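This report concerns only the one structure given below.
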Amino acid sequence: MSDDATLKQTPLHSRHVALGAKMVPFAGYHMPVQYPAGIMAEHKHTRTAAGLFDVSHMGQCFLHGPDHATTAGALETLTPGDFLALEPGHQTYTQFTNDAGGILDDLMVTRPAGEGADGSLFLVVNAACKDADFARLEAGMPDDVSVEILNGKALLALQGPGAHDVMSRLGPEAAEMNFMQAMSCTVAGLACHVSRSGYTGEDGFEISVSNDDAGALMDALLEQPEVEPIGLGARDSLRLEAGLCLYGHDIDETTSPIEAGLIWSVGKRRRTEGGFPGADRVQREIAGQRTRARVGLQPEGRAPAREGTVIEKDGAEIGVITSGGFGPTVGGPVAMGYVAFEHRASGTQVDLIVRGKALPATITKMPFAPHRYRR
Amino acid sequence: MSTLKFTEDHEWISVDGDVATVGITNHAQEQLGDVVFVDLPDVGSSVQKGGDAAVVESVKAASDVYAPIDGEIVEVNGALVDDPSLVNSDAQGGGWFMKVKIADAGQLDGLMDEAAYQAHIAE
């Protein structure tokens, strides 16, 4: 048992408790895993209306350099992303890699638009990795690029098909953006930095706001008829149905971006140029030397197959599940994991060993629930 | 008249003659959240007091259900296969898991009555 007294709280903690959330330890924070509606209802509400998530435990920082090329080039020494080509007001997904080509964390990188923003990049990293990420950035940036850790900022995610209408009322400028765009604007009269992105596969927004204004923003969003609060439980089932990786489970220090199926996030220029930690492995794997691949798995029947479940083909072990559970929108079990490269094809019949029994499953394309981004 | 008893692990057991019906308590289902699958034992198999008898899966996690007593499984609740949410809506009624032929009635004496169980979950 974790001692709640040692856990950190987000600026919205008292509101979660007042809403009746079940609070659990997560990445050193005391976080809402679900509200009284429950994970199933919260998941479905997000897919049909709009869900509000407190993700203030995640790490936010700026990099500041003399010009865009300097800052982008500095960050490119730590990740395989292409930030030189990133346009102002746009966001991209990347990973910090280690010298062995494994993934140390995954993150979102935004090039802010507007006067005075040139040379700055805005980063959002995972809560459990943020101290190590910030230390890595502090150590890895050249003298003319500084790291500004934003401990004074909260982060809220508004996700679902109703998110657009909500934003049209509270922050109409932000509602005009497309997927993976970002801007500074006011939402409900409060100064925010908004991106059109998220972790559910739905259209939606992530809103960075000062700790002091976070409560007022949450209240204003929850007043909207579409919006209900959603906990980490449904966040996990939503991202699993969307086929999105959870760091520490589907990607970690042993998995490369290529094995994980994240080659789309490795800049084309970076694939040939290299110049990031572990580039030799990434380039070898792009050239065809891969041993395993991340795949979706559709179990037959109703029994969920959880993380750690062994995947067999004709009685021989070929892989392991890294995320698995019940998909409320799918209405059945869904999973993802790694299999030996030669068995990766969609339609391949495999067995999942659940409590000693072989459960038939099919390797399948992801996402399980179609992405509905605004492009 | 049946007797209702409880375990520290949040199973209930309702004794009627030499057969006991077993399920998980309403408190347990509240803690688990939405139940999406129940893995029931085979009819004819034996269970031991405190040993694994079934598995209940919520959206988030799988949890073991233990046998409150020794015995033989004589029936399982097939309705849970099609509608696992019965465990949420009627945990101590239609959401029962299994019926066990009691091997040693003396084991029932060590289980909690309703008042003792309510005190246990209030701790």
Side-chain angles (χ1 to χ4, degrees), chain A residues 1 20-24 26 31-47 230-241 246 249 299-309 321 323-335 352-357 359, chain B residues 8-10 24-48 50-67 73 76-91 95 97-98 120-123:
Chain A
M1 291 292 277
K22 183 175 173 185
M23 305 296 288
V24 299
F26 183 83
M31 297 297 288
V33 66
Q34 65 173 78
Y35 297 86
I39 295 174
M40 192 90 81
E42 292 172 27
H43 178 115
K44 290 177 176 171
H45 185 86
T46 305
R47 290 257 188 262
I230 311 296
L232 293 177
R235 183 170 162 83
D236 189 50
S237 56
L238 287 158
R239 69 91 199 166
L240 173 57
E241 281 185 341
L246 175 61
H249 301 260
E300 285 177 22
R302 296 184 66 102
R306 308 282 178 179
E307 179 177 4
T309 299
I321 286 178
S323 285
F326 185 86
T329 302
V330 170
V334 290
L352 309 177
I353 308 306
V354 176
R355 293 183 282 277
K357 288 181 221 160
L359 183 74
Chain B
E8 291 186 353
D9 298 316
H10 312 289
I24 67 167
T25 65
N26 195 50
H27 172 78
Q29 71 79 17
E30 282 176 1
Q31 296 299 309
L32 286 171
D34 303 299
V35 172
V36 297
F37 180 74
V38 181
D39 200 357
L40 295 166
D42 294 331
V43 172
S45 64
S46 294
V47 291
Q48 276 78 48
D52 293 343
V55 175
V56 57
E57 302 236 17
S58 68
V59 178
K60 264 205 91 59
S63 307
D64 290 319
V65 177
Y66 304 111
I73 303 294
V76 295
N77 186 0
L80 297 185
V81 175
D82 292 327
D83 187 8
S85 72
L86 276 171
V87 179
N88 295 116
S89 58
D90 195 11
F97 279 38
M98 55 209 157
H120 171 64
I121 60 177
E123 273 172 21

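Being a predicted model, the structure only gives us computed values, none of them experimental.
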Over all atoms of both residues, closest heavy-atom pair of B:Ala62 and A:Arg355:
CB-NH1, 4.4 Å
Applying salt bridge (charged side-chain N to carboxylate O under 4.0 Å, His left out), run through B:Glu57 and A:Arg302 and close with a yes or a no.
CA-CA 10 Å; B:Glu57 302 236 17; A:Arg302 296 184 66 102; over 6 Å; no
Quick check on B:Asp82 against chain A: is it the side chain, the backbone, both or neither that has a heavy atom closer than 4.5 Å?
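Contact with chain A involves the backbone of B:Asp82 alone.
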Chain A contact via B:Val55 - which portion, at a heavy-atom distance below 4.5 Å:
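For B:Val55, the side chain is the part near chain A, not the backbone.
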Going by the side-chain contact (heavy atoms from CB on, under 4.5 Å) test, name the single residue among A:Glu42, A:Met40, A:His43 that passes it with B:Asp34.
A:Met40
Checking A:Val354 against chain B: side chain, backbone, both or neither under 4.5 Å from a heavy atom?
neither
Pick whichever of A:Ala303, A:Gly233, A:Gly38 has the most heavy-atom pairs under 4.5 Å with chain B.
A:Ala303
